[in-house]
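Presented below is the structure to which this report refers.
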Number of protein chains: 2
Amino acid sequence: MEQINLSARQKKILKFIETFLKENGYPPTIREIGEAVDIASTSVVNYNLNKLVEHGLIERAPEVSRGLRLVGQEPLPELPVQYADSKVVTQIPLVGKIAASLPVPQPEDFGYYYDKDDLIEVPQSIVGAVSSTDLFALRVTGDSMIDAMVADGDIVILKRQNIARNGDMVAVWLSERGETTLKKYYLEGNRVRLQPANPMMDPIYVNAEQVNIQGRVLAILRTVH
Amino acid sequence: MEQINLSARQKKILKFIETFLKENGYPPTIREIGEAVDIASTSVVNYNLNKLVEHGLIERAPEVSRGLRLVGQEPLPELPVQYADSKVVTQIPLVGKIAASLPVPQPEDFGYYYDKDDLIEVPQSIVGAVSSTDLFALRVTGDSMIDAMVADGDIVILKRQNIARNGDMVAVWLSERGETTLKKYYLEGNRVRLQPANPMMDPIYVNAEQVNIQGRVLAILRTVH
DNA sequence: TGCGAGATCGCACACTCGTTCGTATTTTGA
DNA sequence: TCAAAATACGAACGAGTGTGCGATCTCGCA
């Protein structure tokens with residue numbers, strides 16, 4: 001049995017490819033990998049990717065953009081829940097908070113273990129058949145989402161995904177404004193119309209490349225005391 | 001249900017994306033699709049891909065090479081989960097709708113039988129130990145509750161009670177105005193201050209005898225789509 | 001101290017690939 | 001039958017993207 005000896009960078013790269021693929025349905029580019037794991041030079045990413053090929057962990061198609069494939073795809077660790085014969089509740093990790101001034105927490109920020117206190121229970125009738133590993137929840141802090149009809153203390157239940165369909169309610173990071181917001185998403189040409197849920201508020205328009213979709217909003221939950 | 005009507009080309013494209021993805025692990029480019037289905041122009045492929053997006057069969061990431069994803073091809077739906085022994089959901093009847101112009105439905109209005117479709121499932125962690133016979137749910141219609149941060153289509157989960165403590169969020173019927181509203185309740189002397197959940201809105205003051213408490217709000221649930 | 005292999009960096013070339021635009025052809029509906 | 005809408009075409013632009021190369025850095029080892 002060959003001993004696999006990966007550097008920290010190579011592990012990060014592998015991990016990133018895995019999550020990127022799951023979220024987007026297509027592999028990342030060399031530059032996207034570099035940005036994600038803090039490598040300035042594309043050639044270094046290329047170098048490490050070739051190392052991963054040598055170890056047999058990935059395959060590459062030469063001269064092909066996003067020409068990556070994971071081999072030996074390991075299943076993602078499951079949430080700590082029991083299976084039973086009837087379906088009722090999905091447990092969703094409450095992984096952080098969301099505010100206008102904060103970017104949405106990323107998976108590497110919280111890893112795959114969750115505090116038991118930070119599990120939100122949601123009836124499956126609400127989240128549907130979405131895989132529970134794609135779900136996460138954030139607590140809203142501050143009143144900055146008022147135009148999305150979301151109050152301080154509300155819990156937003158999201159499906160992690162980076163692209164959306166028109167009309168979806170999404171959590172987006174606006175790079176130019178340095179701002180997180182919840183809006184309805186409409187791609188119109190090469191700009192995006194972000195429409196507040198509150199019908200009395202006006203939409204804002206942003207160039208598509210400045211809109212980073214963090215997840216699609218499935219539900220909003222407010223408990224009063 | 002909308003009838004999906006695909007042209008032969010669009011079917012071929014969809015089929016090709018599927019097999020290409022399975023063989024390569026990454027999606028095809030527009031030109032690869034064109035070559036496979038005998039389309040000379042990339043713009044025609046682009047055109048038909050957008051049609052598939054309109055039908056909700058694929059998703060596209062703009063300006064991204066191979067930025068395709070099939071929808072409805074998700075990995076197997078997660079197995080439903082549940083605690084082995086304890087009961088984790090309470091079923092609450094959705095007995096009607098609530099709007100500013102309507103009084104809250106009374107028990108005699110809906111009796112003790114409910115349509116099975118009109119049962120809302122709520123985790124017990126949200127409603128606590130409240131007897132399920134005291135619980136009911138209403139669907140908000142219209143935008144009249146915007147100042148309570150409650151949108152059209154939201155579901156309000158209530159405990160039926162006629163008195164409230166200061167700070168409770170309650171559904172009240174204002175007899176003088178002929179109006180139903182959701183507010184925070186504060187008894188101040190012999191008048192009542194009703195404070196909107198939205199901190200930007202001002203409270204209203206009503207004589208105590210004109211305030212008919214219909215129930216205490218336990219939670220508000222909003223599902224998107 | 002000196003050496004050499006592995007790892008990293010910056011950069012630029014050339015190909016890849018989504019998008020756009022003007023035009024042509026086919027289909028649709030009154 | 002005619003005009004509008006839908007679909008198709010071809011070409012070109014420009015940003016996206018993999019690759020190659022020389023230089024620099026790190027670290028173990030003699």
Side-chain angles (χ1 to χ4, degrees), chain A residues 3-14 16-17 20-21 24-55 57-69 162-163 166 175-176 187-192 207-212, chain B residues 2-14 16-17 20-21 24-55 57-69:
Chain A
Q3 177 65 23
I4 295 184
N5 206 1
L6 291 182
S7 73
R9 273 193 161 171
Q10 285 154 16
K11 286 180 193 166
K12 277 181 78 176
I13 289 176
L14 207 53
F16 172 71
I17 295 174
F20 189 100
L21 208 45
N24 299 285
Y26 50 82
T29 67
I30 283 185
R31 284 173 180 78
E32 285 167 344
I33 296 172
E35 196 171 337
V37 302
D38 284 319
I39 296 178
S41 175
T42 58
S43 63
V44 176
V45 177
N46 188 55
Y47 173 87
N48 283 292
L49 285 179
N50 286 331
K51 287 293 165 194
L52 291 174
V53 172
E54 286 177 18
H55 284 117
L57 295 169
I58 64 172
E59 295 173 353
R60 298 188 72 190
E63 316 251 341
V64 168
S65 68
R66 305 176 189 274
L68 292 178
R69 136 183 279 177
N162 292 332
I163 57 181
N166 281 353
S175 55
E176 198 173 56
L187 181 63
E188 297 179 344
N190 57 357
R191 70 175 188 176
V192 173
N207 284 334
E209 61 267 24
Q210 290 162 15
V211 177
N212 295 96
Chain B
E2 189 185 358
Q3 177 65 24
I4 293 183
N5 208 358
L6 290 183
S7 71
R9 275 193 160 171
Q10 286 155 13
K11 286 180 192 167
K12 276 180 79 176
I13 289 176
L14 208 53
F16 172 69
I17 294 174
F20 188 99
L21 209 43
N24 298 285
Y26 49 83
T29 66
I30 284 186
R31 286 175 178 79
E32 284 166 346
I33 295 172
E35 197 171 339
V37 302
D38 284 320
I39 297 179
S41 173
T42 57
S43 64
V44 177
V45 178
N46 186 56
Y47 174 87
N48 284 290
L49 286 178
N50 286 332
K51 287 292 164 197
L52 291 174
V53 172
E54 286 175 19
H55 284 117
L57 294 169
I58 64 174
E59 294 173 352
R60 297 187 73 189
E63 316 251 341
V64 168
S65 67
R66 306 177 189 276
L68 293 177
R69 141 182 277 177

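So you know, we letter chains A, B, ... as the sequences are listed, proteins then strands, and number each from 1.
The outermost nucleotides of DNA chain C lying under 4.0 Å from heavy atoms of chain B, listed 5' to 3', are C/dC17 to C/dC21.
Checking side-chain atoms of A/Arg69 against main-chain N and O of A/Glu59 turns up no donor-acceptor pair under 3.5 Å. A donor-acceptor pair under 3.5 Å links the side-chain atoms of B/Asn24 to the main chain of B/Phe20, judged by distance alone.
Less than 4.0 Å separates DNA chain C from at least one heavy atom of each of the following residues of residues 39-46 of chain B: B/Thr42, B/Ser43, B/Asn46.
In this structure, the side chains of A/Leu68 and A/Ile33 come closer than 4.5 Å at one or more pairs of heavy atoms. By the 4.5 Å heavy-atom criterion applied to side chains, A/Gln10 and A/Leu57 are not counted as neighbours. Residues B/Arg60 and B/Asn50 have side chains in contact (heavy-atom distance under 4.5 Å, counting atoms from C-beta outward).
A distance of 11.5 Å separates CG of B/Leu49 from OG of B/Ser43, quoted to the nearest 0.5 Å. Between A/Tyr26 atom OH and B/Arg66 atom CZ the span is 12.5 Å, to the nearest 0.5 Å. Between the CG atom in A/Leu52 and the CD1 atom in A/Ile58 there is a gap of 5.0 Å [rounded to 0.5 Å]. Rounding to the nearest 0.5 Å places CZ of A/Arg31 at 10.5 Å from CG of A/Asn46.
Phosphate proximity of D/dT7 to B/Arg9: absent, as no side-chain N or O sits under 4.0 Å from OP1 or OP2. Side-chain nitrogen and oxygen atoms of B/Tyr47 include none within less than 4.0 Å of the OP1 or OP2 phosphate oxygen of D/dA8. Contact check, A/Asn50 against D/dT19: no side-chain N or O comes under 4.0 Å of OP1 or OP2.
In plain terms, the two heavy atoms of A/Ile17 and A/Pro28 that are nearest each other are CG1-CG, 4.2 Å. Heavy atoms only, all atoms of each residue included: A/Ile30 and A/Thr42 are closest at CG2-O, 3.5 Å.
Protein atom CG of B/Asp38 is 12 Å distant from nucleotide atom P of D/dG10, rounded to whole Å. Between A/Glu63 atom CD and D/dT19 atom P the separation is 6 Å, expressed in whole Å. Taking atom CG of residue A/Leu68 and atom P of nucleotide D/dG16, one finds them 18 Å apart after rounding to whole Å. Distance, A/Ile30 CD1 to D/dG18 P: 5 Å, rounded to whole Å. Summarising the geometry, the separation between OH on B/Tyr26 and P on D/dG18 is reported as 11 Å, rounded to the nearest angstrom.
The rotation axes computed at either terminus of the helix from C/dT1-D/dA30 to C/dA30-D/dT1 lie 30° apart, taking five pairs at each end and rounding to 10 degrees.
One donor-acceptor pair, N or O on each side, does fall under 3.5 Å between the base of D/dG18 and the side chain of A/Arg31.
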